[in-house]
Amino acid sequence: MSNANMIETPEGKKISEVFTAVQYNRTCHPKYLKNLRKLYDKMELDTFFKEFVSNLRVPMTYIEKHPHVENALRFAAEFIISIQPKSETEDADECDEMCAFLAQTFEFLLKSHNAKDKAIRYRVCYFLNMLLDTMGDNATIEDELCNKIMQSMMERILDKSPKVRAQAAIALHRLQEPQNPACPVINVYIFHLTKDPSAEVRRVILSKMAKNKQTLHAAIKRTRDVDDSVRKMAYLFISKITVKSLTISQRELLMNNGLHDTSDAIKKCVKEVLIPAWLRYYENNYNNFIKAIDAEHASETVTLALGCLFKNADPENLIEQLPIDGSKFVPVEQLTSEIVLYWRCLAEHFKKENLTDEFERIMPELTRFCVYIKEFLGEKENRANKQLDQMTQDFILLQLFEIVKFHDLADEVGRRNLKNLILETLQENHCSQKLSECIVHYFEKVVPDTADRIASLVEVINEIRMPTRINERVVPISEDERHERKMMKAKLGVKLLELEDEEYSAIQCKDYTKAQAINEKVVKLREEIDTLSKEPEEVMESQNVPEEKNDPETMMQCLQIMYYMMQSTTINSLYPALRTLMESIVLPELREDNNEKVLSIALRCIGLCCHVDAELAKKYLMLCFLYISESPYEDVWIAAAQVIFDMLLKYGFEHFNINKDDDPNNQQNGKRNKSIRLFSQTDEDVLVNDKQINPAESSDSVLKALTALIDNQHQNLQSVAILGLCKLILHKRICNVNLISHLIILWHNPSTKENLSQTLCNFFNLYVNKVNESQSILEDAYLPTLRTLRNASEMSDIIEIDPLRVSEMIIKLTCCAIHNNYSAHNQITYNILSEILNPETDLELEVLIKSLKMLDVNLDGEMKNDILKALEDVEDLLNSPGEPKRLLNYIHQFRAKITAANNETNRTVEGLENLIKIYEIVQVCTSMDHTED
């Protein structure tokens, strides 16, 4: 750095030499601070300040980050602050008078903050922040100066340059008042965190923003920022705040989002900074840490967090925090949600890391563990509504069965005990849905044989549905029993007389204690004699009688077991036991007046049965459509829709005699020839509520019905429909232009939820890469999509969609496609030009013409001539009266693009021809050399 305009005075030259020397190394700064201070003491203030500022202006014209610039500005800031006398008092409320040199420096900076040069504006903010930082932690400034700095930096934080805005935000950070709810600096920070388009500005604000309730809430929102660096800085900001300042739901949300973030840097930050910081707050007590996240409602998140913490922890310390006794068990009365989840995660960690010795120290053998679970089940009823509520009991039981999965099933006795334990647990009323799912899925490993497993689970279902109860019936008394009763009565009568004589003798002897005892025996004996004197003619006899149960809770339990059982990949056909179960339990539950949850899971069971039986799928496909149209329950609609899409995805439309290429938007106005099908004894009609469903009559409207679900007002059903249709398209079950157009519009619809937009975005990326026909279909959908947007009613949400943006998206999706010398962009170009020249077109010319410049055409000679001729016609059209001539520039740009591409192609061809000629010459020369040899 140099200063060509510097005043050549002896003092000025010395100051210039100091600035030149300090820019290379910071170690020399103390020496030159003393030298410059001597010059300051000798010279007049105004003269010194003028010379000093003239040297300071040089580094302040460089916006690029360079060590020489940084060193020079750092030295200048240190010198300026060193002139300011140090405060003799530590009272922060008292403000010492600012020296004239420092005051002039601030004045100079504040006058220059709005310079035209972006570099100067940037360096003014930069140097101003450097001065404020160099003043020290306990520094104070006058209110008037503070207001001037704040006003200037508030203007610069609105600068058009992101770098300047970011530096202004840094310069403001020492002016924050965290205790003031109306602090203007914090309010500006929060505004820019939400609104500023620059990720650098948002990141810098997070790094400098003070911590209070307002800023914490703003930082939590930035953990979902689109920029990775901003999200990471938000997590670093939050990690410096005590975990107690966050609600339980916020803690779980932050950890879950951070551990599932797409950026590896953010995952690393959460694993190595945020989670360990929270654990340290709880003094490395894992039990309290889990309690702070809520084990029951965020078990998956807690499991991930513990997995991160265990990697760097001492195994011995981890075992010490598990309250197990000498038998390797946590006493049943001490079991809590936090302890059992910690036990499970610790066992999983030791198993995964092959720490065999540590694993065996906390895991008893399988048979003993089964007994332990039975003990917990036995005391569960006694503890209910006392220490733990029902939900907690279910969670603990679920975690215990999750721990069982880590045992070795090679132990035959233990596996048999585990099998019995699972079957007994499934029959209990307290078996929740998650527990049923867990143990039924695990039962596949316990009993690998499919037939045996199905038989055992079907038996459990039958026992739940039809438990045996004790029934007492009355039978007449026999003659032998009557005689025996008379003999017993006589014996008791004799004994009664003897006791009465003893009682009388005791009274005579005045032994009243003995008389009282004898009297009690007399009373009991008379009662027995009275009972025998009744001589009943009948007695009660007990017998076991099965009792059928149809209540919703029982049916849910049965259907859940069947549903999870049939999810096994080893079931590839409908076993007789499963068919019987379907007919006896599932089909009777398909009633309109049935419970919503029972009806929905019954439909899912039907779907799994159809998944392994193709003929059964034909029978029940239309039944699912009936439930979508007639059921009042949303869960039933979703279940039916999922079953429909699963059937179509596996078997295809042809299996159900459905024409998948029918246009769902077309209406058939013509008359159809009707025919009557003769009855056959082999026909099986599906009967639901006395209604017959004939798939043949409904097949032509299936695709129309599926497409209609996309626009359903219920978001969950809409999500299922979109996901199902996307899968059908990707697996080439559907090939429909109007459906693709519908999905494109839905993707850009502002009312579409964010998760659905993300799903559609992922779908189209896969579509163009996985489906060969995607390019021609997108090409065919181009104009219909724009026409739909153009003709949308004013009340429709799609009226807000920008058609040019949609056009750009379709063009980008087709930009990489040249299959078999076929370019989709070539055909789109033809279509656009034809539409522009069509006098009856209803599309906007501006959208069509602006879209031309986005196209990447690949034209040969004849095709190029046709396109150029069409462009001339378009130019004539735009030159006519009443047409927008401003669009001519886009036509010229497109023409130039075609010409440039053609010239490049010619040069490539010429280059190839030259290479061929050179190669031929080399070959000739080589052959000549060989001949001479």
Side-chain angles (χ1 to χ4, degrees), residues 419-420 422-427 431 433 435-467 546 548-550 552-591 594-595 597-624 627 636 639-640 642-651 655-656 682 684-688 693:
K419 174 186 175 182
N420 295 332
I422 289 175
L423 296 177
E424 291 175 10
T425 305
L426 286 173
Q427 294 182 36
C431 191
Q433 181 177 350
L435 181 59
S436 297
E437 181 179 6
C438 170
I439 60 182
V440 171
H441 285 167
Y442 185 60
F443 196 60
E444 183 175 349
K445 293 184 178 180
V446 179
V447 183
D449 185 79
T450 305
D452 291 347
R453 184 172 68 256
I454 291 175
S456 298
L457 292 175
V458 169
E459 184 178 352
V460 169
I461 293 173
N462 291 333
E463 184 62 30
I464 295 173
R465 178 78 190 284
M466 302 183 68
E548 184 174 353
K549 297 173 66 177
N550 293 311
E553 291 76 15
T554 300
M555 299 314 302
M556 276 293 297
Q557 192 173 357
C558 295
L559 292 171
Q560 283 174 6
I561 296 174
M562 180 180 177
Y563 178 67
Y564 298 129
M565 170 179 61
M566 293 200 63
Q567 289 180 345
S568 172
T569 55
T570 62
I571 299 178
N572 49 23
S573 63
L574 198 60
Y575 287 71
L578 295 177
R579 188 177 293 274
T580 302
L581 204 62
M582 182 190 73
E583 295 174 354
S584 61
I585 294 182
V586 180
L587 292 180
E589 294 304 313
L590 298 178
R591 306 188 308 269
N594 206 344
N595 181 275
K597 294 182 178 180
V598 175
L599 189 53
S600 61
I601 197 170
L603 281 171
R604 296 181 192 277
C605 290
I606 286 289
L608 290 176
C609 292
C610 294
H611 192 74
V612 295
D613 192 316
E615 293 303 316
L616 202 66
K618 290 181 180 180
K619 183 177 179 181
Y620 289 105
L621 177 69
M622 291 303 153
L623 170 66
C624 297
Y627 279 104
V636 176
Q642 289 175 336
V643 170
I644 290 170
F645 285 116
D646 287 343
M647 288 187 195
L648 294 176
L649 189 62
K650 178 171 184 179
Y651 300 112
H655 180 75
F656 303 97
T682 60
E684 292 181 329
D685 291 328
V686 182
L687 297 177
V688 180
I693 305 171

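All heavy atoms count here, side chains included; hydrogens, waters and symmetry mates do not. Treat the numbers as computed from the prediction; the structure is a model and nothing was measured.
No side-chain donor-acceptor contact under 3.5 Å links T554 to the backbone of N550. Using a distance-only test at 3.5 Å, with no hydrogens or angles considered, no donor-acceptor pair links the side chain of N594 to the main chain of L599. Using modelled atom types, one side-chain atom of Q557 and one backbone atom of L426 make a donor-acceptor pair closer than 3.5 Å. Remark: the backbone N or O of K549 is paired with a side-chain donor or acceptor of R465 at under 3.5 angstrom. Between the side chain of K650 and the main chain of H611, a donor-acceptor pair closer than 3.5 Å is present.
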side-chain contact (heavy atoms from CB on, under 4.5 Å) between V447 and L457, intermediate numbers included: CA-CA 11 Å; V447 183; L457 292 175; over 6 Å; no
Intermediate values then yes/no, side-chain contact (heavy atoms from CB on, under 4.5 Å), Y620 and L587: CA-CA 11 Å; Y620 289 105; L587 292 180; 3.5 Å; yes
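For the pair M566 and L574, the minimum side-chain heavy-atom distance is below 4.5 Å. Looking only at side-chain heavy atoms (C-beta outward), L623 and L590 come within less than 4.5 Å of each other. Counting only heavy atoms from C-beta outward, the side chains of N462 and V458 approach each other to under 4.5 Å. Contact annotation: the side chain of Q433 approaches that of Y564 to within less than 4.5 Å [non-hydrogen atoms, C-beta and beyond]. Taking the side chain as every heavy atom from C-beta outward, M565 and M562 approach each other to under 4.5 Å.
To the nearest 0.5 Å, the span separating CZ on F443 from OG on S568 amounts to 11.5 Å. A distance of 11.5 Å separates CG of L559 from OG of S436, quoted to the nearest 0.5 Å. Here H655 contributes atom NE2 and K618 contributes atom NZ; the two are 4.5 Å apart, rounded to the nearest 0.5 Å. Atom CD1 of I561 is separated from atom CE of M556 by 11.0 Å, given to the nearest 0.5 angstrom. E459 contributes atom CD, which lies 8.0 Å from atom CG of L423 (distance to the nearest 0.5 angstrom). Remark: E589 CD to M555 CE distance equals 4.0 Å, nearest 0.5 Å.
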What side-chain donor-acceptor pairs closer than 3.5 Å can you find for residues 575-586, not counting sequence neighbours?
residue : atom : partner : partner atom : Å
R579    : NH2  : D613    : OD2          : 2.8
T580    : OG1  : P576    : O            : 2.9
S584    : OG   : T580    : O            : 2.8
S584    : OG   : L581    : O            : 3.4

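Between C558 and I464, the shortest heavy-atom contact is SG-CG2, 3.7 Å. Nearest heavy-atom pair across A639 and S600 is CB-O, 3.5 Å. Taking both residues in full, the closest heavy atoms of C624 and A640 are given as O-CB, 3.5 Å, listed atom of the first, atom of the second, then distance.
Residues forming a salt bridge (Lys or Arg N to Asp or Glu O under 4.0 Å) with R453 (at least two apart in sequence, or on another chain): none. Remark: Y651 pairs with no residue by the side-chain hydrogen bond (donor to acceptor under 3.5 Å, both in side chains) rule, at least two apart or across chains.
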